[in-house]
Peer 1: 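One structure, pasted below without further comment.
Heavy-atom basis, side chains included; hydrogens, waters and symmetry copies ignored.
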Amino acid sequence: MTTRSRAIPLALGAAGVLALAGVVAAVAPDPGPSAVVPTVQGAPAAPPAPPAAVCGSPALTGPASPPPGAVVVPAGSNAGFDFSTPGATYWFAPGVHTLAPGEYSQIAPGAGATLLGGPGAVLDGNRDNRYAITGRATGVTIRHLTIRNFAAPRDEGVVNHDSGDGWTVEHNTLTRNRGAALMAGARNRIAGNCLADNGQYGLNAYQSGNRITGLVVEGNEFTGNNTEDWEAQLPGCGCTGAMKFWAVNGADVRNNWIHGNHGTAVWADTNNNDFLIEDNLIEDNDGTGIFYEISYNAVIRGNTLRDNAWRTGREFAGERDPFPTGAIYLSEADGDARIPARTAKIEVTGNLLENNWGGVVAWANADRFCNSSASTTSDCTLIVGPENTSACSPPAIAREPLYTDCRWWTSDLEIHGNTFRFDPAAVDGGCPVEFCGRMALLSNYGSSPDWSPYQGDVIQRHIVFAAGNRWHDNTYTGPWRFTVPDMSTTVPVPQWTGAPYHQDAGSTFDGRPGR
């Protein structure tokens with residue numbers, strides 16, 4: 001979760017939330033309220049097709065008859081049905097399917113099983129069952145089902161509740177569930193799904209032991225998630241958004257349409273590594289579009305981010321909080337060649353950012369490091385080892401290598417080849433220019449704990465002048481300003497590009513507003 005001037009407020013009511021009438025009409029009435037991982041070297045050979053609507057689309061409709069050899073699951077109560085046969089294919093007949101009453105009734109498929117929905121097949125938890133599909137079986141496939149009205153607790157998931165490995169979840173509608181609609185395990189492929197109006201997350205990618213690798217999230221639509229506004233219920237929890245990744249080592253998030261969610265769109269939080277976030281359309285989300293936090297080695301490229309963080313930015317401005325709100329937020333994010341990945345930096349390139357509340361914000365909390373009371377995670381860095389927190393104690397932390405290895409630094413960021421367009425009048429009908437339209441590279445004054453070796457302006461000077469953080473060759477339209485090196489100082493273009501910061505070499509600036 002984030003640590004900055006205060007917790008990010010996330011709230012309901014983002015513009016552009018998709019009405020799910022088309023989705024509901026395609027299924028029975030509701031009774032109540034593997035892809036090859038691409039290289040990151042060079043530009044793609046040709047631009048991909050823009051992300052398209054998934055919710056309510058024909059691609060969600062399953063086969064009208066069972067495949068040869070499939071087990072037919074009749075509509076109605078499936079309370080006594082056995083789904084445990086390894087390798088079996090289960091075809092859910094059209095209509096509404098329910099489980100036995102009780103919060104712990106669930107489907108636990110066998111290894112290699114396929115759950116396949118016919119046209120209009122719905123698995124409904126009746127707001128009684130917690131979980132829909134669970135267990136640690138590997139290689140499970142789920143296609144063409146609508147899964148709704150399950151009531152998982154906060155931070156738990158409805159589908160793949162136990163984060164099974166090798167699962168394929170494609171062309172499903174996961175809607176109006178509590179908790180997370182979907183969890184993820186290693187080598188999961190999550191593609192072509194509609195994840196809409198779920199209580200907490202659309203996707204929560206976490207596995208005990210931090211073992212998720214090879215995750216692909218591609219061609220999905222995430223909209224309207226976090227309906228229960230968990231950040232308001234538990235301020236500072238960092239537990240909301242369209243999708244959240246924890247300690248994932250290798251993920252491709254590409255070609256998704258992520259819009260109208262009540263919070264952050266894509267949030268990688270705590271010891272993630274080797275991410276490719278590419279060719280997504282991210283728009284009209286209440287909070288930050290892409291948030292990469294206390295994590296390592298990522299490429300963020302070819303995305304379109306439009307009209308994000310209006311609600312969060314407006315709330316900060318209403319409280320006169322000077323912390324910059326960005327469309328892309330890099331918080332203690334590090335490029336580090338010591339951790340194997342497809343890149344050894346945080347590269348933000350080829351993106352279009354248009355009329356978001358802000359631009360790219362790079363932040364380091366001087367007091368946030370392994371074993372500090374200001375750290376919101378009990379994990380230590382990947383360099384020291386997530387469970388080796390006690391190693392970062394005085395007096396050893398004041399000496400190398402622990403001085404360097406015990407913190408996430410905000411280092412080796414390269415922000416280049418992007419297009420930044422901004423018109424204050426287009427942002428929620430107008431925004432106060434002292435709060436919106438900002439890029440940022442900043443830190444705070446270190447002050448705690450009293451044994452911290454990072455007190456004073458040590459971190460501030462490091463991230464601004466010595467950490468390899470560079471903006472260059474970008475295109476700017478509109479009255480952009482730059483917050484550096486702390487929250488109290490925002491400078492115009494000449495100071496940002498001139499001494500002592502020397503940022504944005506090769507960039508062009510047109511101060512006239514416009515799309």
Peer 1: Using only atom types and a distance under 3.5 Å, with no angle test, would you say the side chain of Thr223 pairs donor to acceptor with the backbone of His259?
Peer 2: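 Present.
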
Peer 1: Answer yes or no for Arg154 and Trp230: cation-pi contact, defined as NZ/CZ to six-membered ring centre under 6.0 Å and angle to ring axis within 45°.
Peer 2: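 Satisfied, under 6.0 Å and within 45°.
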
Peer 1: So does Thr227 get a backbone contact from the side chain of Asp229, meaning a donor-acceptor N/O pair under 3.5 Å?
Peer 2: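 Not confirmed, Asp229 side chain does not pair with Thr227 backbone.
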
Peer 1: Taking salt bridge (charged side-chain N to carboxylate O under 4.0 Å, His left out) as the definition, give me every residue that meets it alongside Asp367, ordered by chain and number, with sequence neighbours left out.
Peer 2: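 Salt bridge (charged side-chain N to carboxylate O under 4.0 Å, His left out) list for Asp367, sorted by chain: empty.
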
Peer 1: Between Arg301 and Glu347, does any side-chain N to carboxylate O distance fall below 4.0 Å?
Peer 2: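 So Arg301 does not pair with Glu347 through a salt bridge.
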
Peer 1: Is Asn249 reaching over with its side chain to a backbone N or O of Asn272, donor-acceptor style, under 3.5 angstrom?
Peer 2: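 Absent.
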
Peer 1: Yes or no on ring-ring contact (aromatic ring centres under 6.0 Å, His included) for Phe316 and Trp357, after CA distance, side-chain angles and deciding distance?
Peer 2: CA-CA 11 Å; Phe316 270 59; Trp357 189 270; 9.4 Å; no

Peer 1: Who pairs with His472 by ring pair (Phe, Tyr, Trp, His ring centres under 6.0 Å), at least two apart in sequence or on another chain?
Peer 2: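 Per chain and number, His472 pairs via ring pair (Phe, Tyr, Trp, His ring centres under 6.0 Å) with His416.
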
Peer 1: Take Phe369 and Trp408 through the ring-ring contact (aromatic ring centres under 6.0 Å, His included) test and state the conclusion after the steps.
Peer 2: CA-CA 7 Å; Phe369 56 90; Trp408 305 268; 9.2 Å; no

Peer 1: Would you call Arg189-Glu218 a salt bridge at under 4.0 Å N-O?
Peer 2: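 Salt bridge: yes.
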
Peer 1: Give every residue pair that meets the disulfide (SG to SG under 2.5 Å) criterion with at least one member in residues 414-508, sequence neighbours excluded.
Peer 2: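 Every disulfide (SG to SG under 2.5 Å) pair that includes a residue of residues 414-508, provided the two are not neighbours, is Cys431-Cys436.
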
Peer 1: Looking only at side-chain N and O atoms, does Thr419 offer a donor or acceptor that is under 3.5 Å from a partner on Thr475?
Peer 2: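 Judged by distance alone, the side chains do not pair up.
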
Peer 1: Kindly list each side-chain donor-acceptor pair under 3.5 angstrom involving residues 178-185, sequence neighbours excluded, with atom names and distances?
Peer 2:
| unit_1 | atom_1 | unit_2 | atom_2 | d |
| --- | --- | --- | --- | --- |
| Arg178 | NE | Glu228 | OE2 | 2.8 |
| Arg178 | NH2 | Glu228 | OE1 | 2.9 |

Peer 1: Given Leu330 and Val360, is the side chain to side chain contact (heavy atoms under 4.5 Å, CB included) satisfied, shown in steps?
Peer 2: CA-CA 8 Å; Leu330 308 173; Val360 177; 4.2 Å; yes

Peer 1: If you measure from the Lys or Arg side-chain nitrogens to the Asp or Glu carboxylate oxygens, is any gap between Arg306 and Glu283 under 4.0 Å?
Peer 2: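 A salt bridge links Arg306 with Glu283.
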
Peer 1: Which residues pass the ring pair (Phe, Tyr, Trp, His ring centres under 6.0 Å) test with Tyr201, sequence neighbours left out?
Peer 2: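 By the ring pair (Phe, Tyr, Trp, His ring centres under 6.0 Å) rule, Tyr201 matches no residue at all.
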
Peer 1: Has Ser443 got a side-chain atom pairing as donor or acceptor with Ala364's backbone, closer than 3.5 angstrom?
Peer 2: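 Checked: pair present.
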
Peer 1: For the residue pair Ser372 and Tyr454, establish whether any side-chain heavy-atom pair is separated by less than 4.5 Å.
Peer 2: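 No; the side chains remain at least 4.5 Å from each other.
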
Peer 1: List the steps, then state whether disulfide (SG to SG under 2.5 Å) holds for Cys370 with Cys380.
Peer 2: CA-CA 5 Å; Cys370 179; Cys380 197; 2.1 Å; yes

Peer 1: Compare all side-chain heavy atoms of Asp334 with those of Asp412 and state whether any distance is below 4.5 angstrom.
Peer 2: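 No; the side chains remain at least 4.5 Å from each other.
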
Peer 1: Take Asn193 and Glu170 through the side-chain hydrogen bond (donor to acceptor under 3.5 Å, both in side chains) test and state the conclusion after the steps.
Peer 2: CA-CA 6 Å; Asn193 301 285; Glu170 294 178 327; over 6 Å; no

Peer 1: Can Ile212 and Ser163 be said to form a side chain to side chain contact (heavy atoms under 4.5 Å, CB included), step by step?
Peer 2: CA-CA 9 Å; Ile212 296 180; Ser163 302; 5.5 Å; no

Peer 1: Output yes when a side-chain donor or acceptor of Asn356 lies under 3.5 Å from a complementary backbone atom of Asn308, and no otherwise.
Peer 2: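 Present.
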
Peer 1: So Val266 and Ile277, side chain to side chain contact (heavy atoms under 4.5 Å, CB included) or not? Walk me through it.
Peer 2: CA-CA 9 Å; Val266 180; Ile277 303 173; 4.2 Å; yes

Peer 1: Determine whether Asp336 and Asn297 satisfy the following criterion, side-chain hydrogen bond (donor to acceptor under 3.5 Å, both in side chains), listing intermediate values before the conclusion.
Peer 2: CA-CA 6 Å; Asp336 197 318; Asn297 299 332; over 6 Å; no

Peer 1: Output the distance between atom CG (Asn172) and atom CG (Leu60), rounded to the nearest 0.5 Å.
Peer 2: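 If I round to the nearest 0.5 Å, the distance is 8.0 Å.
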
Peer 1: Which is it for Tyr329 and Tyr292 under the ring-ring contact (aromatic ring centres under 6.0 Å, His included) test, yes or no, and what are the steps along the way?
Peer 2: CA-CA 6 Å; Tyr329 183 25; Tyr292 207 71; over 10 Å; no

Peer 1: If the threshold is 4.0 Å, N to carboxylate O, is there a salt bridge linking Glu293 and Arg368?
Peer 2: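 Counted as a salt bridge, because a side-chain N and a carboxylate O are separated by less than 4.0 Å.
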
Peer 1: Under 6.0 Å between ring centres: does that hold for Phe422 and Trp480?
Peer 2: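 Ring centres of Trp480 and Phe422 closer than 6.0 Å.
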
Peer 1: Return the orientation label for the Trp267 and Phe291 ring planes: parallel under 30°, perpendicular over 60°, tilted otherwise.
Peer 2: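 Geometry flag for Phe291 against Trp267: parallel rings.
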
Peer 1: What residues form a ring pair (Phe, Tyr, Trp, His ring centres under 6.0 Å) with Phe482, not counting sequence neighbours?
Peer 2: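 Counting only residues at least two positions away or on another chain, Phe482 forms a ring pair (Phe, Tyr, Trp, His ring centres under 6.0 Å) with Tyr476, Trp496.
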
Peer 1: Asn418 side chain to Gly350 main-chain N or O, any donor-acceptor pair under 3.5 Å?
Peer 2: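 Side chain of Asn418 to backbone of Gly350: a pair is present.
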
Peer 1: Looking only at atom types and distance, does a side-chain atom of Asn285 sit under 3.5 Å from a main-chain N or O of Asn261, one as donor and one as acceptor?
Peer 2: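 Yes, the answer is positive, given that a donor and an acceptor are paired below the 3.5 Å cut-off.
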
Peer 1: For Arg320, check salt bridge (charged side-chain N to carboxylate O under 4.0 Å, His left out) against everything at least two apart and list the hits.
Peer 2: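 Arg320 satisfies salt bridge (charged side-chain N to carboxylate O under 4.0 Å, His left out) with Glu434 only.
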
Peer 1: For the pair Arg338 and Asp405, find out whether any cationic side-chain nitrogen is under 4.0 Å from an anionic carboxylate oxygen.
Peer 2: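 Answer for the salt bridge query: yes.
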
Peer 1: Is there a donor-acceptor pair under 3.5 Å between the side chain of Asn271 and the backbone N or O of Trp246?
Peer 2: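 No, because the side chain of Asn271 does not come within donor-acceptor range (under 3.5 Å) of the backbone of Trp246.
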
Peer 1: Taking only residues two or more places apart in sequence or in another chain, which ones pass side chain to side chain donor-acceptor pair (under 3.5 Å) with Asn280?
Peer 2: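 For Asn280, the residues satisfying side chain to side chain donor-acceptor pair (under 3.5 Å) (neighbours in sequence not counted) are Asn256, Asn303.
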
Peer 1: Got a sec, which residues hit side chain to side chain contact (heavy atoms under 4.5 Å, CB included) with Ser378, two or more places apart in sequence or on another chain?
Peer 2: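 Per chain and number, Ser378 pairs via side chain to side chain contact (heavy atoms under 4.5 Å, CB included) with no residue.
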
Peer 1: Answer yes or no: is there a donor N or O on one side and an acceptor on the other, between the side chain of Asn225 and the main chain of Gly241, under 3.5 Å?
Peer 2: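 Not confirmed, Asn225 side chain does not pair with Gly241 backbone.
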
Peer 1: Identify, with sequence neighbours excluded, every residue that meets salt bridge (charged side-chain N to carboxylate O under 4.0 Å, His left out) alongside Glu414.
Peer 2: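 Testing Glu414 for salt bridge (charged side-chain N to carboxylate O under 4.0 Å, His left out), a comparison that skips the adjacent residues, returns Lys345, Arg470.
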
Peer 1: Main chain of Leu441, side chain of Gln503: is a donor-acceptor contact present, judged purely on distance under 3.5 Å?
Peer 2: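 No.
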
Peer 1: Applying side chain to side chain donor-acceptor pair (under 3.5 Å), can you list everything that pairs with Asp274, at least two apart in sequence or on another chain?
Peer 2: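 For Asp274 the side chain to side chain donor-acceptor pair (under 3.5 Å) partners, ignoring immediate neighbours, are Arg342.
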
Peer 1: Is the ring centre of Tyr296 less than 6.0 Å from the ring centre of Phe275?
Peer 2: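 No - the distance between ring centres of Tyr296 and Phe275 does not fall below the 6.0 Å cut-off.
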
Peer 1: With a 4.5 Å cut-off on side-chain heavy atoms, are Ile328 and Leu353 touching?
Peer 2: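 A side-chain contact exists here, since the closest heavy-atom pair is under 4.5 Å.
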
Peer 1: Just to verify, what does Asp504 make a salt bridge (charged side-chain N to carboxylate O under 4.0 Å, His left out) with, not counting sequence neighbours?
Peer 2: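 Asp504 satisfies salt bridge (charged side-chain N to carboxylate O under 4.0 Å, His left out) with no other residue.
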
